[in-house]
Amino acid sequence: MSMPTSSVHLVIPCYQESGRIGAFLPDLCRAMQVFAGRVRIQVVEDGSSAAEVQRMREIVERLRVDFPGLLPLKVLDRNLGKGGAVYAGWADHAGADWLAFVDADGSCSAREVARLLAMRPDEAELPTALFASRVKMLGRKVERLLKRHLLGRVYATLVSELLNVPVYDSQCGLKLLPRLAFEAIAPRLQIMGFAFDVELMAALLDTGCLIQEVPIDWQEIPGGKVSLLRDSWRMACDVWDVRCRRPIWRQGA
Ligand SMILES: Nc1nc2c(ncn2[C@@H]2O[C@H](COP(=O)(O)OP(=O)(O)OP(=O)(O)O)[C@@H](O)[C@H]2O)c(=O)[nH]1
Ligand SMILES: [Mg+2]
């Protein structure tokens, strides 16, 4: 298979992640070499403690010696939330054709990131985004704690029903989208927390961007920060908020 020639700006949003990213980032840098300089990786540090920022800087700077496609650490002065960190990183796209993010913990392996990025079409009649999806199916390996899997299924069903979008997994931590499609919707995006990708998905669809879900392998890594109690309620409210604002977007379109 020939590799796509378009460029990608891949952001890793991080909050207190120096313990988990250390195993993942070197693998990711190595895996991106197959794209011969067309993928740039940017780690965004989202208002963690000073000691944590220092540790992250050391990890990134050490790797940059061998991997010039890894950009200097971007440090935000205050915690914006996962979505806020992703968007802050995407603002530095430097003309990349595609924008992407992946979670810092390596739940989605470097190999899977490379597999999804290699699927980006160099030319498509309609703009198309690729969203990774944790589908438990024959031929794929998805390992998650049962309670997280179940809650994830409830949330995805809520998203799908409330927004009338047949999405299987809106929250998977690996997504790739055309930069121009993102720029068309960026002014309307308001959700900066864990539900940011629900709003991103709805806004892309409403402006005519296609989204394909790509089943990937996923292995839950201990130390996750999404709290089943605290964050689920906030995330459910955010879905409702997107549902209420969609008709207003459409009037303005
Ligand atoms: N920027 C930012 N990123 C965060 C924040 N909290 C979590 N993240 C990032 O979001 C990504 C996913 O967070 P996790 O803690 O792995 O979430 P999880 O609880 O494991 O949930 P799943 O991975 O979906 O099972 C990681 O890259 C985190 O660093 C935050 O407050 N700000
Ligand atoms: Mg995780």
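Keep in mind the model is a prediction, meaning the values are calculated, not measured. Each ligand, and each atom within it, is numbered from 1 in the order the structure gives. FYI, side chains are in, hydrogens and waters are out, and symmetry mates aren't considered; it's all heavy atoms of this structure.
Within the listing of ligand 1, atoms 18 (P), 19 (O), 20 (O), 21 (O), 25 (O) sit less than 4.0 angstrom from a heavy atom of R148. The contact set between ligand 1 and D46, taken as ligand atoms under 4.0 Å from a residue heavy atom, comprises 1 (N), 2 (C), 30 (C), 31 (O), 32 (N). If you number the atoms of ligand 1 from 1 as listed, the ones under 4.0 Å from a heavy atom of A104 come out as 26 (C), 27 (O). If you number the atoms of ligand 1 from 1 as listed, the ones under 4.0 Å from a heavy atom of A85 come out as 1 (N). Residue R20 has at least one heavy-atom neighbour below 4.0 Å for each of these atoms of ligand 1: 14 (P), 15 (O), 16 (O). Atoms of ligand 1 lying under 4.0 Å from at least one heavy atom of R144, given by number and element, are 25 (O). Atom numbering of ligand 1 starts at 1 in the shown order; those under 4.0 Å from a heavy atom of G224 are 15 (O), 18 (P), 19 (O), 20 (O). Interface atoms of ligand 1 facing N79, defined by a heavy-atom separation under 4.0 Å, are 30 (C), 31 (O), 32 (N).
For atom 11 (C) of ligand 1, the closest heavy atom belonging to the protein is D103 OD1, 3.4 Å. Remark: minimum distance from atom 15 (O) of ligand 1 to any protein heavy atom is reached at K225 N, 2.6 Å. Looking at atom 9 (C) of ligand 1, its nearest protein heavy atom turns out to be P13 O, 3.7 Å. With respect to atom 3 (N) of ligand 1, the closest heavy atom belonging to the protein is K82 CA, 3.6 Å. Nearest non-hydrogen protein atom to atom 24 (O) of ligand 1 is R134 NH1, 3.3 Å. Taking atom 5 (C) of ligand 1 as the reference point, the nearest protein heavy-atom neighbour is Y15 CB, 3.5 Å.
F182 places a side-chain heavy atom less than 4.5 Å from the side chain of L200.
In this structure, D122 contributes its side chain and S6 its backbone to a donor-acceptor pair below 3.5 Å. Although no hydrogens or angles enter the test, the distance criterion places a donor-acceptor pair under 3.5 Å between the side chain of K175 and the main chain of S170.
Looking at F194, W218, F196, Y87 and measuring to atom 23 (O) of ligand 1, the nearest heavy atom belongs to W218.
At least one heavy atom of G81 sits less than 4.0 Å from an atom of ligand 1. Contact analysis leaves G173 out of contact with ligand 1, as no non-hydrogen atom separation drops below 4.0 angstrom.
Taking the charged nitrogens against the carboxylate oxygens, R30 and D27 do have a contact shorter than 4.0 Å, which makes a salt bridge. For E45 and R57, the salt-bridge test fails: no basic side-chain N is under 4.0 Å from an acidic carboxylate O. We find that D217 and R140 are joined by a salt bridge, their nearest charged nitrogen and carboxylate oxygen being less than 4.0 Å apart. Residues K82 and D103 are paired through a salt bridge, judged by an N-O separation under 4.0 Å between the basic side chain and the carboxylate. By the 4.0 Å N-to-carboxylate-O rule, E52 lies close enough to R55 to be salt-bridged with it.
Counting non-hydrogen atoms of other residues, nucleotides and ligands closer than 6.0 Å to CD of E183 gives a total above 12. Other residues, nucleotides and ligands contribute only 12 or fewer heavy atoms inside 6.0 Å of the CG atom of N164. Within 6.0 Å of CZ in R111 there are 12 or fewer heavy atoms belonging to other residues, nucleotides or ligands.
The shortest N or O to N or O distance between E17 and ligand 1 is below 3.5 Å. When only interatomic distances are considered, the shortest N/O to N/O separation between V226 and ligand 1 falls below 3.5 Å. Geometrically, ligand 1 and Q171 share no nitrogen or oxygen pair separated by less than 3.5 Å.
If you take CG on L177 and CG on L210, they are separated by 13.0 Å, rounding to the nearest 0.5 Å. Distance check, rounded to the nearest 0.5 Å: NE2 of H93 to CZ of R179 gives 5.0 Å.
Relative to the ring axis of Y15, R78 does not place its NZ or CZ within 45° and under 6.0 Å from the centre.
Under the side-chain hydrogen bond (donor to acceptor under 3.5 Å, both in side chains) criterion, S107 pairs with D105, not counting sequence neighbours.
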> Step by step, would you call R188 with E199 a salt bridge (charged side-chain N to carboxylate O under 4.0 Å, His left out)?
Replying inline: CA-CA 9 Å; R188 69 178 67 165; E199 182 184 38; over 6 Å; no
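Listing protein N, O or S atoms at distances below 2.8 Å from the Mg ion (ligand 2), with waters left out, gives D105 OD2.
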